[in-house]
2 protein chains.
Amino acid sequence: MVTVDAMALGKDYATQECSIARALEIIGERWTLLVIRDALYGVRRYNDFLVHLGIPRAVLAARLQALTAEGILEKRRYQQSPPRDEYVITERGIALWPALRSLGLWGRQHYTEIQLRYFRHADCGTELGPYGECPACATVVPVEDVLMEPGPGLDPDPADPVSRALLVPRRLLQPLELPVQPGRV
Amino acid sequence: MVTVDAMALGKDYATQECSIARALEIIGERWTLLVIRDALYGVRRYNDFLVHLGIPRAVLAARLQALTAEGILEKRRYQQSPPRDEYVITERGIALWPALRSLGLWGRQHYTEIQLRYFRHADCGTELGPYGECPACATVVPVEDVLMEPGPGLDPDPADPVSRALLVPRRLLQPLELPVQPGRV
DNA sequence: CATCACAGGTTCGGTCACTGAACCAAGGTT
DNA sequence: AACCTTGGTTCAGTGACCGAACCTGTGATG
């Protein structure tokens with residue numbers, strides 16, 4: 001049992017008067033930003049986060065609860081029987097897209113040889129600029145209009161079903177619908 | 001003694017094919033982004049990082065070494081006798097400015113009531129837009145032309161000398177020159 | 001009805017990173 | 001000689017993270 005207090009504290013940077021430090025208190029723990037990334041990609045279910053991230057179950061449960069408490073994810077019942085909840089990213093979480101985009105771009109430019117994913121403006125197909133803008137349309141592209149496509153650096157035949165589902169070009173935020181397991185009718 | 005191997009591994013997200021995950025393996029550990037933030041603010045010396053961050057000495061030493069190994073900071077001798085080194089941010093580290101800017105903006109909009117710092121285009125005084133651009137000049141402002149000013153939310157009389165020095169409006173990257181200790185001539 | 005599968009957790013022991021305090025060392029100053 | 005400054009290292013204690021096992025509620029299967 002984790003108390004609300006222990007949750008609220010987390011790892012704080014008490015002496016820092018800085019909005020970066022405030023942000024890091026919320027999303028700076030291990031795995032947290034990857035959970036948010038997956039949520040932007042359309043992942044919503046506990047088990048999908050689990051297999052896609054390879055995160056320990058207890059840590060995932062703690063992160064989902066903390067992010068829900070912070071209003072970054074929203075827990076929502078999507079079926080009554082059996083009762084099942086999904087975690088949907090909120091406006092506050094979506095607002096982290098530019099930061100994730102910047103981080104990813106930095107990682108690619110400095111540490112990734114081959115392009116792993118393309119992010120395009122769904123309306124015109126143009127690849128996004130460094131700030132998430134469309135160079136052709138000269139506008140900031142809303143997150144739901146960002147089209148994610150696999151790049152040449154991505155494993156074309158990954159083991160887990162979530163990675164496979166993310167190989168199909170798709171818009172951000174679009175809920176991930178996993179194909180029904182083989183063996184079922 | 002920390003081996004180079006243990007350093008290189010750190011906490012990795014082995015299963016993730018993602019440039020965000022690659023980035024987080026480098027800069028995702030506790031304190032790391034705040035060290036880089038301070039380096040962008042012009043902090044260069046071990047002791048200045050120490051007092052400004054309130055970070056344990058061992059952790060600071062490990063972070064400085066890791067960031068130097070990653071080419072984000074550069075260790076440079078600034079005086080021969082006694083031998084003293086400073087840690088200067090490199091191009092690779094400066095390239096993290098947009099990501100830090102985005103994170104800070106998110107933190108301010110969602111968790112900070114009052115503005116703590118202003119970032120302006122030094123040439124014209126206009127406050128930067130969300131992507132580090134100058135709305136007036138319609139250009140992306142180079143980091144060295146960003147002017148940092150204290151906002152109303154900042155403690156006007158902080159205890160540590162580094163925070164005091166950062167209260168003066170100053171450009172990013174400009175080396176922090178601490179006033180000589182009182183009692184010296 | 002008993003059993004199994006599945007989603008979504010909780011529990012637990014071991015390990016590893018972070019923490020704060022103490023200690024150390026090279027050089028300079030008084 | 002004693003002390004100060006800078007930049008560390010060492011060490012014991014704590015807390016976060018880890019993987020594996022277990023649990024629970026519900027529906028499906030035989």
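Values below: every heavy atom of this structure, side chains too, minus hydrogens, waters and symmetry copies. Nothing here was measured: the structure is a model prediction, and the numbers come from that model. Here is how names work: the chains are called A, B, and so on, in the same order as the sequence lines, proteins then strands, and each is numbered from 1.
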Atom CG of B:Asp12 to atom P of D:dC17: distance rounded to whole Å?
15 Å
Are the side chains of A:Gln16 and B:Arg37 in touch, meaning some heavy atoms are under 4.5 Å apart?
yes
From the options D:dC17, D:dG8, C:dT10, select the nucleotide whose nearest atom is closest to the side chain of A:Ala61.
C:dT10
Protein-nucleotides 24-26 of chain C N/O pairs closer than 3.5 Å?
none

A:Arg63 CZ to D:dA16 C1', straight-line distance once rounded to whole Å:
8 Å
When you measure from every atom of DNA chain C, which of residues 40-58 of chain B have a heavy atom less than 4.0 Å away?
B:Pro56, B:Arg57
A:Gln79 CD to C:dG8 P, in whole Å, measures 9 Å
Is the shortest side-chain heavy-atom distance between A:His52 and A:Leu166 below 4.5 Å?
yes
Can you find a side-chain donor-acceptor pair between B:Tyr111 and A:Glu70 that sits under 3.5 Å?
yes
Could you check which of C:dG9, D:dC17, C:dT19 has an atom nearest any side-chain atom of A:Lys75?
C:dG9
Could you state the CG-P distance from A:Leu60 to D:dA16, rounded to the nearest angstrom?
17 Å
Counting C-beta onward and ignoring hydrogens, is there a side-chain heavy-atom pair between A:Lys75 and A:Val88 closer than 4.5 Å?
no
DNA chain D: A:Val59 or B:Leu64, which has the more 5' nearest nucleotide?
B:Leu64
Salt bridge (Lys or Arg N to Asp or Glu O under 4.0 Å) partners of B:Asp85, counting only residues at least two apart:
B:Arg77
What verdict does the salt bridge (charged side-chain N to carboxylate O under 4.0 Å, His left out) test give for A:Glu149 and A:Arg120, after you've listed the backbone C-alpha separation in whole Å, the side-chain angles of each residue and the deciding distance to 0.1 Å?
CA-CA 8 Å; A:Glu149 284 185 7; A:Arg120 304 182 185 281; 3.2 Å; yes
Tell me whether the side-chain N/O atoms of B:Trp31 come closer than 4.0 Å to OP1 or OP2 in C:dA17.
no
Figure out the CD/P separation between A:Glu86 and C:dG9, and round it to whole Å.
13 Å
Between A:Phe119 and A:Trp97, does the ring centre distance come in under 6.0 Å?
yes
Just checking, B:Arg22 and B:Tyr13: is the charged tip under 6.0 Å from the six-membered ring centre and within 45° of the axis?
no
Is a donor from one side chain sitting under 3.5 angstrom from an acceptor on the other, for B:Tyr78 and B:Arg44?
no
Between atom CZ in B:Arg30 and atom C1' in D:dC17, what is the gap in whole Å?
15 Å
On the nucleotide C:dA7, are OP1 or OP2 found under 4.0 Å from the side-chain N or O atoms that A:Tyr78 carries?
no
Starting at CD of A:Gln80 and ending at P of D:dG25, how long is that distance when rounded to a whole Å?
17 Å
